[in-house]
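Counting starts at 1 for both ligands and their atoms, following the listed order. In this text the structure is predicted, and so the values were computed from the model without any measurement.
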Amino acid sequence: MSTILASVAVQNGSPSRASLEVLSRARQIADGQGATCAAVVLSPDASAVADELARYGAQKVYTVSDPIFARHINTPVLTALEAVIAEAQPSIVVFPSSEGVKDVLGALAVRTGAAVLPDVASVEMKDGGVEALRPVMAAKFMARTRAEGDLVLVSVRAGSYEAVEAPTEAAVEEIVFSFDEATLRQTLREVVGSTAGTVDLSDAQVVVAAGRGVKDEAGKQLVEELADVLGAAIGSSRAVVESGMFPATAQIGQTGKVVSPDLYIGVGISGAIQHVAGMSNSRIIVAINTNPDAPIFDVATYGIVGDLYKVLPILIEEIKKVKAVAA
Ligand SMILES: Cc1cc2nc3c(=O)[nH]c(=O)nc-3n(C[C@H](O)[C@H](O)[C@H](O)COP(=O)(O)OP(=O)(O)OC[C@H]3O[C@@H](n4cnc5c(N)ncnc54)[C@H](O)[C@@H]3O)c2cc1C
């Protein structure tokens, strides 16, 4: 029986939301093919998440536990994934699209002789091959791409699929792994954390993004307060990063991060194509802008034409009231 393998990233001790999404998609594909749905986890204590992966449909979990996986370093990740692929013999490996995955996907394909479909928005088995839709040209177009062969590696954009529970029993297989750090030719010197908000942007379910309409410290504080009451991550346009108001790690778009939250609120953002490329996959898009012709309204689910300095205080107060009633 063939295997569809989902690669799972662990964040703060739990599988990331994007990982559970790709695992759910792997399970759907496996169900359609009469294949086994499996997951692979590289983490200091990989077996700790096996039960949760079974809850999302993993019938088999390959664990590779080593302290080296506390941070992302390409070479050990590649070595471990290569070992798991040799053991599991999957026909497809589905990854959540991320910077780390982007780093290893090409090298893993070379090592394993696989075909690669990177950063796709949908993936399915069709006529004996793997077909995927891939946003191209700053997400202005979708390209239908197809890969064939014994092994296909696919990375899927966050938010493309729902994470759906499908409880099952998982057989756990620990893969023996050792890696001599002294052989590394590249070292990770320091991880510089983001200072924009406390919630991780790429994995956030709610994002409040600031644009050039946020002109000063008072506007910045309103954005931070809105993010705070919503438990949201803070993002921004490039214009705001260039002004120094938010760090580069907050930038959303073609040359920044791709986000796909349940709710994205764009505050004083015009909706340039390079920005929209990074947020158009969001489920609900709210735009607040004084200009009714701003292009952000073309992609918005709800639009508020108004001055953010007047709209945000009202919005914050109303959200606080709703939360107080709900509490
Ligand atoms: C190669 C390349 C790559 C790029 N990559 C990115 C990227 O990754 N991400 C990105 O964001 N940009 C990127 N850009 C820049 C992009 O083209 C835009 O310049 C940028 O997104 C504009 O940011 P903005 O919407 O904040 O500013 P603006 O376009 O200046 O828009 C500000 C908006 O705020 C509104 N506004 C003003 N005052 C108020 C108020 N008081 N209340 C409410 N609304 C108000 C205005 O009506 C306006 O629509 C890239 C550009 C290039 C050339």
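Using a cutoff of 4.0 Å between basic side-chain nitrogens and carboxylate oxygens, R55 and D51 are not scored as salt-bridged.
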Name every donor-acceptor pair, under 3.5 Å, that has one atom in a side chain of residues 116-125 and the other anywhere in the protein, sequence neighbours excluded.
{"unit_1": "D119", "atom_1": "OD1", "unit_2": "S97", "atom_2": "OG", "d": "2.6"}
{"unit_1": "D119", "atom_1": "OD2", "unit_2": "R157", "atom_2": "NE", "d": "3.4"}
{"unit_1": "D119", "atom_1": "OD2", "unit_2": "R157", "atom_2": "NH2", "d": "3.4"}

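Taking the six-membered ring where the residue is Trp, the centroids of F297 and Y302 are separated by 6.0 Å or more.
Protein residues are said to neighbour a ligand when one of their heavy atoms lies under 4.0 Å from it; for ligand 1 these are G211, R212, G213, K215, S237, R238, A239, Q251, I252, G253, Q254, T255, G256, G268, I269, S270, A272, Q274, H275, N289, T290, N291, G306, D307, L308, Y309.
Once rounded to the nearest 0.5 Å, the distance linking CD1 of I265 with CG of L308 reads 12.5 Å.
Side-chain contact, S24 with Q28: no donor N or O sits under 3.5 Å from an acceptor N or O.
The neighbour count for D307 CG, taken as heavy atoms of other residues, nucleotides or ligands under 6.0 Å away, is above 12.
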